[in-house]
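Model, not experiment: these values are computed from the prediction. Throughout, protein chains are lettered first and strands after them, A, B, ... in sequence-line order, and every chain is numbered starting at 1.
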Amino acid sequence: MTDNFALYRIMLLIRRFEERLLAEFSTGKLVGTTHAYIGQEANAAGIFSVTDAQDVIFSNHRCHGHFLAYGASSPQGSDPYRLAAELMGKATGLVGGRGGSQHIHWRNFYSNGIQGGILPVATGMALAEKVKKSGQIALAFLGDGTLGEGVLYESLNIASLWNLPILFVVENNRYAQTTPIELAVSGTIAGRFTAFGIPTLERDTSDVLEIQAAALEAVGSVRRNGRPFGLILHTNRFSAHSKGDDTRSAAEIARIREKDPLLIHAPRLTDAERARAESEIAAIIEDAFAQATADPFPKMKDER
Amino acid sequence: MKVKSFVIHLSSFIYSPMPTVLESLNQALHHALLTDERVYLLGEDILDPYGGAFKVTRGLSAKFPERVLTTPISEAAIVGVASGMALRSLRPVVEIMFGDFVTLIADQLVNHATKFRWMYNDMVRVPLVVRTPMGGGRGYGPTHSQSLEKMFLGVPGLRVVAPNTLGDPGQLLANAIAEDDPVLFIEHKLLYTRPLLQASQGDLTDFEIQQCGETYPTYVLRISNLESSNLTLATYGYNFELVCQAALELLMEREIFCEIVLFSQLSPFDIAPLLDSLRRTRRLLTVEEGGLTLGWGAEILARLAESGIQANMRRVAALDLPIANSRPLEDAILPSVEKIVDAALALHGT
Ligand SMILES: Cc1ncc(C[n+]2csc(CCOP(=O)(O)OP(=O)(O)O)c2C)c(N)n1
Ligand SMILES: [Mg+2]
């Protein structure tokens, strides 16, 4: 378990990293696309404060926050620099510039940019950990929009049928790109898991402590019972889906911004602690991006 | 190019003490499960006593109940699960009941299993084998008779392999299972009951065989003691049988001397043995059971054209139509000995 300062620091790291990234994009220093985790930081911070460093993580297109929180929870420490380098397409990036924003791998963390496709893969990883008796569990992340992908339900069925230790984390920010959940998801999210005999826990909060408590229960259930579990987190995406593609009204964005996980958690820290977190993170981000900017681009090493 | 030579007796097509392709594959799976604890089988209806729709997995679940997993009808998830297992250092072998269903696993193969190693900068391996029966000739109709492998040729990171009766299908499968990267293993349905060919003493109709490559060999068959041949027939899988019959007919009735180039690995592939043969014959006919347009033969011809070789080339393939259920229609759509002979004669301008 992580203390209040550490939780704040991880959320701040994610926030400042993503802000810097969007700034770099807007000045044309970065090409391609990115999906900012701003507004959802408490989910990653809470969840990765209760996982084991050896657990196997499969994340989706919106993976920077997951990765930074995963890294911060690992004994090796987080690696915002390697992530920044990857986003800049540098040889020193997490995967040498081959993957970019949505396709990263580091230790037991994997991500891919195909909605839903990662879910059976994560399910297979859980099966591998089970038969190897490693005691590790798998975690897979998906958004509300990804509830539309059929392969999710094949995966839930198999995970339940075969008693696989996997936690499905649904981050419901109520939008899939521009499509509101009302136009994409029938029934309930929990009902989808219940249909397969998979228990769920549902939270509508941006308070990292509440999320941490829910994650502790969810992760504990998977580990204890060797069975799948669905953790449903209703959340808010403050930024555009990727870069400039926000179709929501200013009023709506202002309303959701009131549920800022940093503001909710901040009163639990002293002014001095908050100032320390800000200056530490500012330095880390500055170093990460400066170093990544200076790094070389990769060379082709394929034969064909 | 590593080359081995041996001689084979063509009459072994008919009477044979040799194991069938099915027995060979089944034995290979037994052996893989027995010798490597990381090997798992996943597929629909693969448990005994049924043992799979084509019985390739018969007897395996009884011996290895923990590692032979019968699955729901969820092709995409089965392949996804298997690639997750492979990423975490197991060696899964998936059976897709009919090759027609590979459309359902396309995303898992193209955007996941075959991407991971390269996309993650060579930091992971995905030792995954997907086996599946393709092909017609059994009256299964439009959705259970296709040869869809052409859709997966050229996918980066994917090896596409097809056994035949000349090589050792079981060994080919064992090699695929030993591979650290994904392999799509195409088994033509009509091969299952065929005995493996047996190398034996030669006579007039004997072919001399060169084997190029060890793991997934390409075979070059030439009529023994013959100075010059004047047509190369290139093929893979079950169609090798049709090609052999056509070659014999062309030899006996038309005095057209054929070389046969038989591929075991379709993608990626080495053109060298075929190019070599074509330098002797200057005429090429490719024979495949997939649809003609933008198929395997098209890429072979393109590569040869790029090599600069001067040659007359044609393709025999299925018509660009669904495969009909009714026998005469199915026959009209798929390649046949007659179509191969006709195309060969056309190449010769007769
Ligand atoms: C199979 C597939 N279809 C479409 C897309 C394009 N796409 C990327 S993210 C996204 C929206 C996903 O929404 P959701 O699952 O709610 O996640 P969020 O972006 O809200 O985190 C879409 C449509 C994709 N990457 N993969
Ligand atoms: Mg969403």
Side-chain angles (χ1 to χ4, degrees), chain A residues 56 58 86 91-100 102-132 134 136 138 140 149-162 164 166 196 298 301-304, chain B residues 37-40 42 44 64-92 94 104-128 154-157 182 267-270:
Chain A
V56 185
F58 225 122
E86 186 57 39
T92 50
L94 289 165
V95 290
R98 287 181 171 184
Q102 314 183 63
H103 318 98
I104 58 177
H105 167 57
W106 187 68
R107 297 173 58 80
N108 278 349
F109 187 98
Y110 307 77
S111 79
N112 200 6
I114 301 287
Q115 302 311 320
I118 64 167
L119 300 168
V121 182
T123 303
M125 290 170 145
L127 173 56
E129 297 312 308
K130 176 182 170 166
V131 301
K132 288 190 283 182
S134 70
Q136 305 308 323
E149 293 287 359
V151 77
L152 165 64
Y153 304 99
E154 296 184 19
S155 305
L156 294 180
N157 187 41
I158 288 175
S160 182
L161 208 55
W162 294 356
L164 302 182
I166 178 166
F196 296 99
K301 56 184 175 194
D302 292 77
E303 292 150 33
R304 284 189 301 267
Chain B
E37 286 202 331
R38 300 168 302 172
V39 173
Y40 281 72
L42 296 88
E44 294 158 14
F64 308 97
E66 307 283 303
R67 287 188 286 137
V68 177
L69 310 178
T70 199
T71 68
I73 307 173
S74 304
E75 288 77 12
I78 302 166
V79 174
V81 164
S83 74
M85 295 166 76
L87 273 173
R88 303 299 297 174
S89 70
L90 301 178
R91 292 193 168 261
V94 171
L104 291 153
I105 67 169
D107 178 53
Q108 284 301 323
L109 281 184
V110 175
N111 284 322
H112 296 82
T114 58
K115 282 277 192 296
F116 291 137
R117 177 173 176 173
W118 195 89
M119 177 165 96
Y120 298 153
N121 209 16
D122 282 330
M123 289 186 292
V124 303
R125 298 290 183 274
V126 186
L128 160 71
V155 172
S267 178
F269 69 99
D270 179 11

What is the distance from atom CE of B:Met119 to atom CD of A:Gln102, rounded to the nearest 0.5 Å? 9.5 Å

Among the listed options A:Ala138, A:Gly113, A:Ser111, A:Pro298, the residue most often paired with chain B at heavy-atom distances under 4.5 Å: A:Ser111

Mind ranking A:Leu161, A:Val56, A:Asn157 by heavy-atom pairs under 4.5 Å with chain B and telling me who comes out on top? A:Val56

Less than 4.5 Å to any heavy atom of chain B: does that hold for the side chain of A:Leu94, its backbone, both, or neither? backbone

Minimum heavy-atom separation for A:Asn112 and B:Asn111, please, with both atom names. ND2-O, 2.9 Å

Minimum heavy-atom separation for A:Val121 and B:Gln108, please, with both atom names. CG2-OE1, 3.5 Å

Please evaluate residues B:Thr71 and A:Glu154 with respect to the criterion side chain to side chain contact (heavy atoms under 4.5 Å, CB included), reporting the C-alpha separation (whole Å), side-chain torsions for both, the decisive distance (0.1 Å), and the verdict. CA-CA 10 Å; B:Thr71 68; A:Glu154 296 184 19; over 6 Å; no

Of all the residues in residues 73-82 of chain B, which have a heavy atom that comes within less than 4.5 Å of a heavy atom in chain A? B:Ser74, B:Glu75, B:Ala76, B:Ala77, B:Gly80, B:Val81

Select one option (side chain, backbone, both, neither) describing which atoms of B:Leu90 are under 4.5 Å from chain A's heavy atoms. side chain

For residues 122-132 of chain A, please give each side-chain donor-acceptor pair under 3.5 Å, one per line with the distance, not counting sequence neighbours.
{"from": "A:Thr123", "atom 1": "OG1", "to": "A:Leu119", "atom 2": "O", "distance (Å)": "2.7"}
{"from": "A:Glu129", "atom 1": "OE1", "to": "A:Ser134", "atom 2": "OG", "distance (Å)": "2.7"}
{"from": "A:Glu129", "atom 1": "OE2", "to": "B:Arg88", "atom 2": "NE", "distance (Å)": "2.8"}
{"from": "A:Glu129", "atom 1": "OE2", "to": "B:Arg88", "atom 2": "NH2", "distance (Å)": "3.4"}
{"from": "A:Lys130", "atom 1": "NZ", "to": "A:Trp162", "atom 2": "O", "distance (Å)": "2.9"}
{"from": "A:Lys130", "atom 1": "NZ", "to": "A:Asn163", "atom 2": "O", "distance (Å)": "3.1"}
{"from": "A:Lys132", "atom 1": "NZ", "to": "B:Arg88", "atom 2": "O", "distance (Å)": "2.8"}

Looking at residues at least two apart in the chain, or sitting in another chain, which of them share a ring pair (Phe, Tyr, Trp, His ring centres under 6.0 Å) with A:Tyr153? none

Could you tell me which residues satisfy side chain to side chain contact (heavy atoms under 4.5 Å, CB included) with A:His105, sequence neighbours excluded, listed by chain and number? A:Val95, A:Tyr110, B:Tyr120, B:Met123, B:Val124

